[in-house]
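In what follows, chains are A, B, ... by sequence order, proteins preceding strands, each numbered from 1.
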Amino acid sequence: MMRPLVTLLGLVLLWQLIVTLFALPPYILPPPHAVALAFIKRGDVLLTEATVTLAEMLLGLAFGALLGAMAALGLLASQTARRWLLPVIVASQAIPVFALAPLLVLWFGYGMASKIVMAMLIIFFPVAATLYDGLRRTEPGWLDLAQVMTANAPRHRHRILLRIRLMAALPAFASGLKIAAAVAPIGAVIGEWVGASAGLGFLMLQANARVQTDLMFAALIALALCAVALYAAVDHLSRRLLPWQADTHVLK
Amino acid sequence: MTLPLSSSSPSPPPALQLRGHGFSYGQHAVLAPFALDLRARETVAILGPSGGGKSTLLKQVAGLLPGLETPVAETVAWMAQQDLLLPWASIRENVLLGARLRGEQPDIARAESLLRRLGLSAWMDAYPAALSGGMRQRAALARTLMEDRPLVLMDEPFSALDAITRAAMQELACELLQDRMVLLVTHDPAEACRIADRVLLLAGHPAQLRPVTDFAMPAPRDPLSPAVLPALRLIHAALQEPLP
């Protein structure tokens with residue numbers, strides 16, 4: 001707990017040193033205390049806009065993860081889906097999602113929907129790819145054992161999927177979710193930059209236009225805090241989902 | 001070349017007849033057609049070199065591979081070389097896995113009783129990662145017994161254990177599986193001599209099944225005891241014969 005605080009303090013000191021040494025004007029690089037002051041004075045605005053961005057990130061993460069998980073299960077279940085969809089999904093990653101942002105704003109409007117879709121598109125692939133990989137790599141011995149236990153009866157296959165394949169793929173899914181949590185803010189903020197009426201990205205553009213660099217920095221820090229909170233929440237959820245991977249192996 | 005049975009009583013009729021059509025991986029035939037009759041409460045060991053088709057034969061009997069004339073998948077329980085315990089489930093839940101997969105009401109009391117009998121009463125709520133290799137294999141044995149099937153297929157189940165734990169596990173398996181038919185695949189002649197009633201050899205290209213020796217004494221037995229040594233010699237001689 002102490003180490004991140006010491007690192008943070010070191011970075012703030014370095015920031016102050018750069019401002020002092022190079023005598024930078026506040027509209028280029030405001031000193032840390034000016035940003036802290038903007039944080040306090042405009043706290044209500046930052047909180048309102050951060051709530052919008054956080055909601056976009058959370059909803060994008062939830063829907064993107066759901067869509068990714070459904071795609072992974074669909075790919076596992078259907079050979080036709082693998083043949084037709086897998087190449088399309090992989091090729092789709094060659095298109096920069098940011099290039100789609102103006103289109104998404106056009107189709108889904110200036111509200112939250114376009115940002116949520118943007119975050120979803122970014123989140124979908126890491127979740128789908130990691131979960132599908134996890135589902136494919138189930139230990140063959142477990143599947144053999146399950147087949148013997150169920151005498152290969154098709155009516156029990158859904159239980160093998162739920163109790164073995166999905167459980168075995170959970171660590172891979174958790175890794176995908178962590179990557180998704182790290183990229184979710186990118187989707188939300190890019191969407192806000194292209195066209196929005198609220199959110200931290202929108203606030204940053206507004207502050208930039210008014211040369212309120214201290215407020216821009218404050219919004220940036222608020223965004224970083226949102227991203228860290230989201231990552232920490234997903235990390236915590238992963239630990240809850242995978243208790244057998246924790247340091248302590250005894251349940252009680 | 002078969003060691004004569006010390007008892008001259010006629011063999012009881014087989015309780016289970018296994019007839020296999022053989023098996024090929026693509027163009028490569030690994031297993032020749034086979035006929036294997038199992039008597040009630042009999043433990044049959046199949047010996048053979050690594051990669052010689054032993055696991056293929058066992059998988060065919062288990063229904064994991066096609067080619068058995070009359071499938072017996074619903075009568076078998078399976079114990080593999082790895083314990084195959086699910087790392088996310090407690091030991092108790094691992095033992096109940098079969099019932100859970102079949103959507104049956106699990107008999108928790110029986111599972112706990114089996115675990116107590118196997119010396120795992122303190123570990124029922126633990127994850128498999130907390131257990132030693134021997135304890136994990138005991139849990140796998142409990143899971144196999146929990147299935148309550150007449151035929152138990154064992155694919156080198158103790159080969160990954162140290163010598164002392166292996167001997168203890170062999171003794172335990174003999175005690176707990178004495179009411180079932182057991183088909184044990186192993187590459188260890190001493191293990192076959194210790195627990196099997198009959199030893200078969202699976203060798204050749206494609207692998208053919210042929211009898212080597214019968215034992216008419218209770219198991220587990222000391223493979224170095226004078227009564228067992230001739231059988232052990234016979235097995236070693238059979239293993240060194242040129243492959244057909």
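N152(A) places no side-chain N or O within donor-acceptor distance of the main-chain N or O of A73(B), the cut-off being under 3.5 Å.
With chain A as partner, the option from P71(B), A99(B), A62(B), G103(B) having the largest number of non-hydrogen pairs under 4.5 angstrom is G103(B). Ranked by heavy-atom pairs shorter than 4.5 Å toward chain A, the options R100(B), M79(B), Q81(B), R143(B) are led by R100(B).
Closest non-hydrogen pair, P87(B) versus W244(A), comes out as O-CB, 3.1 Å. When all heavy atoms are compared, the tightest approach of L84(B) to G141(A) is CD1-O, 3.3 Å.
Counted within 6.0 Å of CD on E74(B), heavy atoms from surrounding residues, nucleotides or ligands total 12 or fewer; the atom is thus considered open.
Heavy atoms closer than 4.5 Å to chain A are found in the side chain of R149(B), but not in its backbone. A80(B) does not touch chain A: none of its heavy atoms, backbone or side chain, sits under 4.5 Å away. Residue contact with chain A, scored on non-hydrogen atoms closer than 4.5 Å, is absent for L153(B). Contacts between A168(A) and chain B at a heavy-atom distance below 4.5 Å involve backbone atoms as well as side-chain atoms. For D144(A), the parts lying near chain B are the backbone and the side chain together; criterion is any non-hydrogen pair under 4.5 Å. Contacts between I164(A) and chain B at a heavy-atom distance below 4.5 Å involve backbone atoms as well as side-chain atoms.
Between R163(A) atom CZ and E93(B) atom CD the span is 6.5 Å, to the nearest 0.5 Å. For the atom pair CG (L101(B)) and NE2 (H158(A)), the distance works out to 10.0 Å, reported to the nearest 0.5 Å. Residue T144(B) holds its OG1 atom at 8.0 Å from CG of L145(A), rounded to the nearest 0.5 Å.
Within the 4.5 Å cutoff, the side chain of P171(A) has no heavy atoms near those of the W88(B) side chain. Counting only heavy atoms from C-beta outward, the side chains of R102(B) and M149(A) approach each other to under 4.5 Å.
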